[in-house]
Amino acid sequence: MIIYNVTVKVATDTHLQWLDWIMKEHIPAMLATGLFSDYRMSRLLEQDDEEGPTYTIQYFADNLDHYHLFVERHQQALQQRGHAIFGDRFIAFTTVMEVIK
């Protein structure tokens with residue numbers, strides 16, 4: 001199993017709007033690609049939230065080929081949608097992990 005992890009810090013003044021969008025639009029769009037079987041979203045604790053909260057969203061793919069198809073076919077458009085709506089009110093970085101056990 002492959003985990004595509006997205007860590008996002010969202011500006012305080014945009015936080016609630018972003019949270020609503022991520023849950024109602026972005027995550028369903030990610031799952032609709034058919035390349036991820038599930039997801040988990042968490043809020044990081046013990047972080048400096050002065051500039052806004054930090055979240056992680058983990059998307060689960062059955063194999064590395066599914067992840068690569070996502071990158072090739074969907075990643076850019078989905079990322080651009082978030083930037084079109086929220087501009088510089090958030091910052092995100094991604095990591096890819098392989099589940100060992």
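FYI, the numbering just counts along the sequence from 1.
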### Message
Quick check: do Leu31 and Tyr39 have side-chain heavy atoms less than 4.5 Å from each other?
### Response
yes
### Task
Quick one: which residue pairs count as a side-chain hydrogen bond (donor to acceptor under 3.5 Å, both in side chains) with a foot in residues 63-72, not counting sequence neighbours?
none
### Task
Please examine the side chains of Ile22 and Met41, heavy atoms only from C-beta on, and report whether any two atoms are closer than 4.5 Å.
yes
### Query
Can you get from Val6 to Met23 by hopping between Ile, Leu, Val, Met, Phe, Trp and Tyr side chains that sit under 4.5 Å apart?
yes
Exercise answer: donor-acceptor pairs, residues 51-60 side-chain atoms, under 3.5 Å, sequence neighbours excluded:
from, atom 1, to, atom 2, distance (Å)
Thr54, OG1, Lys9, NZ, 3.4
Tyr55, OH, His15, NE2, 2.5
Gln58, NE2, Asn5, OD1, 3.4

### Summary
Heavy-atom nearest pair, Val8 first then Trp18, reads CG1-CZ2, 3.7 Å
### Task
Following the transitive rule for hydrophobic clusters with a side-chain heavy-atom cut-off under 4.5 Å over Ile, Leu, Val, Met, Phe, Trp and Tyr, establish whether Val71 and Tyr4 coincide in one cluster.
yes
### Query
Is there any salt bridge (charged side-chain N to carboxylate O under 4.0 Å, His left out) pair reaching into residues 86-101, and which pairs are they, with sequence neighbours excluded?
Asp13-Arg89
### Task
Hey, could you give me the CZ/OG1 distance between Phe86 and Thr14, rounded to the nearest 0.5 Å?
7.0 Å
### Task
Can you measure from CD (Gln75) to CG (Leu69) and round to the nearest 0.5 angstrom?
12.5 Å
### Query
Looking at Glu50 and Asp48, what are the two nearest heavy atoms and their distance?
N-OD1, 3.0 Å
### Message
Is there a side-chain contact between Asp49 and Arg43 in this structure, where contact means two heavy atoms from C-beta onward sitting under 4.5 Å apart?
### Response
yes
### Query
Taking C-beta and beyond as the side chain, do Met30 and Leu78 meet within less than 4.5 Å on heavy atoms?
yes
### Summary
Taken to the nearest 0.5 Å, the spacing of Ile91 CD1 from Thr7 OG1 works out to 11.0 Å
### Task
Report whether Phe36 and Val96 are members of the same hydrophobic cluster (ILVMFWY, side-chain heavy atoms less than 4.5 Å apart, transitive linking).
yes
